[in-house]
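Step one of this worksheet: look at the structure below.
As a basis for the values below, the full set of heavy atoms in this structure was taken, side chains included, without hydrogen atoms, waters or symmetry mates.
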Amino acid sequence: PPAVFAMEVHPFNTNEEMAECCRGLGIPVLAHSPLGAPHKIEAFMKVLTRSDARDMRPVIKVTESPVLQDVARQHGVTAAQVALRWNMQRGHCVIPKSFDVEHIVENMDVFGFALSQREMAILAGLH
């Protein structure tokens, strides 16, 4: 079997069936694009009118989701940190991509809080 299975995983794309299969086979999941896939979002936004795009952004951009932002406020962290922590608590390895030093530092600061089972379920329900 493979040593690890890499796939896009975030609260809007849980890939639950494949993650469950991997768990059953003892294969770790490597969650790439744990904050969403901005290139897909921007491509989608190009086909929308400007007003539609503004209204759709919180629905398709993980870090702008009101649900993630609310959970983040409750923990005193960012929505990105919540999305990363959600993946980690599911047992996934995460690889957030950033070239911004502040974001890299922020992405590593996800060990000072934990999401409740209720919060985990709410975030998984965004899929």
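- Of all non-hydrogen atoms in A79 and A72, the two that sit nearest each other are N-CB, 3.5 Å.
- Residues F5 and P28 are not in side-chain contact: their nearest non-hydrogen atoms beyond the backbone lie 4.5 Å or more apart.
- Contact of the L68 side chain with the T63 side chain is not registered, since no non-hydrogen atoms from C-beta on lie closer than 4.5 Å.
- Distance check, rounded to the nearest 0.5 Å: CE of M108 to OG of S98 gives 11.5 Å.
- Electrostatic pairing of E20 and R90 does not count as a salt bridge here, judged by no charged N lying under 4.0 Å from a carboxylate O.
- Between the side chains of R85 and Q81, no donor-acceptor pair is found at a separation under 3.5 Å.
- Closest approach of L35 to A83, counting heavy atoms only: CD2-CB, 3.8 Å.
- Looking at E106 and T78, their side chains come closer than 4.5 Å, going by heavy atoms from C-beta outward.
- The two residues H92 and A19 come nearest to each other via the heavy atoms NE2-CB, 3.9 Å.
- Here the options are V105, I104, D100, the test is side-chain contact (heavy atoms from CB on, under 4.5 Å), and the partner is E102; only D100 passes.
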Practice task
Evaluate the criterion side chain to side chain contact (heavy atoms under 4.5 Å, CB included) for residue pair H127 and E16; output intermediate values, then yes/no.
Solution key: CA-CA 10 Å; H127 178 71; E16 190 54 46; over 6 Å; no

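- Atom CG of residue N15 and atom CD of residue E8 lie 7.5 Å apart, to the nearest 0.5 angstrom.
- Residues V9 and P34 are not in side-chain contact: their nearest non-hydrogen atoms beyond the backbone lie 4.5 Å or more apart.
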Practice task
Kindly indicate, with the supporting measurements, whether the criterion side chain to side chain contact (heavy atoms under 4.5 Å, CB included) is fulfilled by T14 and W86.
Solution key: CA-CA 10 Å; T14 62; W86 173 82; 3.7 Å; yes

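- Connection of V82 to I95 is not established within any shared hydrophobic cluster, with ILVMFWY side chains joined at heavy-atom distances below 4.5 Å, either directly or through further cluster members.
- Side-chain contact between V29 and C93 is absent, with no heavy atoms from C-beta onward closer than 4.5 Å.
- One distance of note links NE2 of H32 with CG of L30; it measures 8.0 Å at 0.5 Å rounding.
- With hydrogens and angles ignored, the 3.5 Å screen pairs no side-chain donor or acceptor of D70 with any backbone N or O of P66.
- Atom CG of L123 and atom OG of S65 lie 8.0 Å apart (nearest 0.5 Å).
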Practice task
Please report the C-alpha distance between M88 and V94 in whole Å, then the side-chain angles of each, then the deciding distance to 0.1 Å, and finally whether the side chain to side chain contact (heavy atoms under 4.5 Å, CB included) criterion is met.
Solution key: CA-CA 7 Å; M88 292 174 60; V94 294; 4.1 Å; yes

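- Q74 is listed as a side-chain neighbour of E119, based on a closest heavy-atom distance under 4.5 Å.
- When all heavy atoms of M120 and L115 are compared, the closest pair comes out as SD-CD1, 3.8 Å.
- Taken from CD in Q117 to CD1 in I122, the straight-line distance is 12.0 Å, to the nearest 0.5 Å.
- In this structure, C21 SG and E17 CD are separated by 9.5 Å, a value rounded to the nearest 0.5 Å.
- Residues L25 and V4 do not share a hydrophobic cluster, defined by chaining ILVMFWY side chains whose heavy atoms lie under 4.5 Å apart.
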